[in-house]
Number of protein chains: 2
Amino acid sequence: MKRHVLIFGVVGGLLIAILQYTEYRFVIIEHSVELYGALVAILFAAFGVWLGLRITRSREGIRETVVVKEVLLPAPALQPFAPNRARQQTLGITARELEILTLVARGLSNREIATHLFVSENTIKTHCARAFDKLGAARRTQAVRRGKELGLLP
Amino acid sequence: MKRHVLIFGVVGGLLIAILQYTEYRFVIIEHSVELYGALVAILFAAFGVWLGLRITRSREGIRETVVVKEVLLPAPALQPFAPNRARQQTLGITARELEILTLVARGLSNREIATHLFVSENTIKTHCARAFDKLGAARRTQAVRRGKELGLLP
DNA sequence: TCGAAAATCACCCGAAAGGATGACGACATC
DNA sequence: GATGTCGTCATCCTTTCGGGTGATTTTCGA
């Protein structure tokens with residue numbers, strides 16, 4: 001990865017030099033714009049590639065920082081697992097909603113949760129919708145992830 | 001690879017056409033060369049960014065960048081996480097499938113994963129279906145849970 | 001260079017999930 | 001008694017998922 005950046009840097013520098021040289025000649029020879037444009041194109045294509053590499057790299061960095069942050073929150077491993085009641089309260093998540101969330105995290109479908117808790121599937125959907133809203137999640141996988149991040153789920 | 005070359009050719013041809021067209025207009029309007037150069041630059045910079053993204057994407061499977069920025073946590077080891085390759089092999093889960101699985105675990109939808117990896121949503125669905133089958137999961141939440149249990153996902 | 005494995009994409013269909021809204025009863029609290 | 005929260009359930013509608021099938025392209029190793 002680093003090697004690419006280096007290569008592109010060198011190539012870019014060379015291109016700049018070539019560009020300046022050729023432009024100088026063009027002024028003299030009164031040549032057309034095509035070659036100039038091509039050089040600019042190549043130069044900026046290389047620049048774009050380099051930029052693309054940088055973008056992805058910085059994105060990866062962020063991604064891993066997030067991972068570190070996640071590990072900061074939960075306390076050292078305990079067997080019974082105590083959900084973070086404080087966070088639960090600040091988010092306004094009720095006990096029932098958290099209960100449904102844990103079952104969601106176990107990979108159960110809404111119907112399975114419903115039969116498991118002896119309530120209607122619609123009820124589960126309502127609980128889910130409210131819990132997702134409070135967690136800022138659009139999907140159940142997202143909700144599970146957030147729940148784990150916040151120490152609400154094991 | 002052949003398709004890439006093709007795409008490259010087509011995009012290049014299109015760009016050339018656009019450039020010629022714009023150049024023609026510039027000649028008429030008696031505009032300066034700077035604007036033309038800028039246009040070329042922007043176009044090829046964008047193209048380069050796209051190309052750069054593609055390049056990095058093809059290596060995402062191999063990449064294992066370790067960025068430990070804030071290590072404030074003592075006991076629990078928070079490595080970049082090494083998936084259990086042995087289990088992965090016994091289950092026959094390919095690298096690409098595992099890659100999609102991690103994105104699923106992050107709460108992304110199939111469409112989001114598709115745009116993130118520059119592939120079709122159908123492709124993601126196939127990968128998911130195969131991964132779920134190999135994991136014995138019927139839903140993505142189940143797949144995520146199984147993946148974590150088996151040490152395939154962080 | 002041949003073939004197997006992997007990756008890609010498409011299409012169909014049914015099921016599941018999610019959003020929005022309204023409603024009703026129980027219960028607590030003021 | 002009014003108010004508020006919580007749990008329950010419903011209906012309508014849209015989006016997303018998952019299963020199945022088939023196909024092409026790419027990759028990689030023998």
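Just so we're clear, the structure is a prediction, and the values are computed from it rather than from any experiment. So you know, we letter chains A, B, ... as the sequences are listed, proteins then strands, and number each from 1.
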* Asked: Quick one: B:Leu101 CG to D:dG18 P, roughly how many Å, whole number?
  -> 11 Å
* Structure fact -> Separation of C:dC9 atom P from B:Asn110 atom CG, nearest Å, is 14 Å
* Report the distance from atom CD1 of A:Ile124 to atom C1' of D:dG7, rounded to the nearest whole Å. => 11 Å
* Asked: For B:Arg140 and D:dC17, is the shortest distance between a side-chain N/O and OP1 or OP2 below 4.0 Å?
  -> yes
* To do: Among D:dG18, D:dT8, C:dG18, find the nucleotide with the atom closest to the side chain of A:Val119.
  => D:dT8
* Any donor-acceptor N/O pair, B:Arg87 side chain to B:Leu150 backbone, under 3.5 Å -> yes
* Mark yes or no for whether B:Arg145, through its side chain, and A:Gly107, through its backbone, hold a donor-acceptor pair below 3.5 Å. => no
* With nearest nucleotides of DNA chain C determined for A:Thr126 and A:Arg111 from heavy-atom distances, which residue corresponds to the more 5′ nucleotide? -> A:Arg111
* Between D:dC6 atom P and A:His127 atom NE2, what is the distance in whole Å? -> 11 Å
* Figure out the NZ/C1' separation between A:Lys125 and D:dC13, and round it to whole Å. => 10 Å
* Is the backbone of B:Ile93 close enough, under 3.5 Å, to the side chain of B:Glu97 for a donor and an acceptor to pair up by distance? -> no
* When the distance from CD of B:Gln142 to C1' of C:dA17 is rounded to whole Å, what number comes out? -> 15 Å
* For D:dC9, does either OP1 or OP2 sit under 4.0 Å from a side-chain N or O belonging to A:Thr123? -> yes
* Asked: Hey, is the side chain of B:Asn122 poking within less than 4.0 Å of OP1 or OP2 on C:dC9, counting only N and O atoms?
  -> no
* Rounded to the nearest Å, what distance is computed from the CG atom of residue B:Leu108 to the P atom of nucleotide D:dT15? -> 20 Å
* Look at all strands and tell whether A:Ser109 reaches a base, only sugar-phosphate, or nothing, counting heavy atoms closer than 4.0 Å. => sugar-phosphate
* Asked: Can you tell me if B:Lys134 uses its side chain to pair, donor with acceptor, with the backbone of B:Gly92 under 3.5 Å?
  -> yes
* Return no unless some side-chain N or O of B:Thr94 is found under 4.0 Å from OP1 or OP2 of C:dA7. => yes
* Residue pair A:Arg139 / B:Leu108: nearest heavy atoms and the distance that separates them -> NE-C, 3.9 Å
* **Heavy-atom donor-acceptor pair, A:Arg130 side-chain to D:dT8 base, under 3.5 Å** => yes
* **Residue closer to the 5' end of DNA chain C, B:Glu121 versus B:Glu97 (nearest nucleotide)** => B:Glu97
* Roughly, in whole Å, what's the span from CD1 in A:Ile113 to P in C:dG18? -> 10 Å
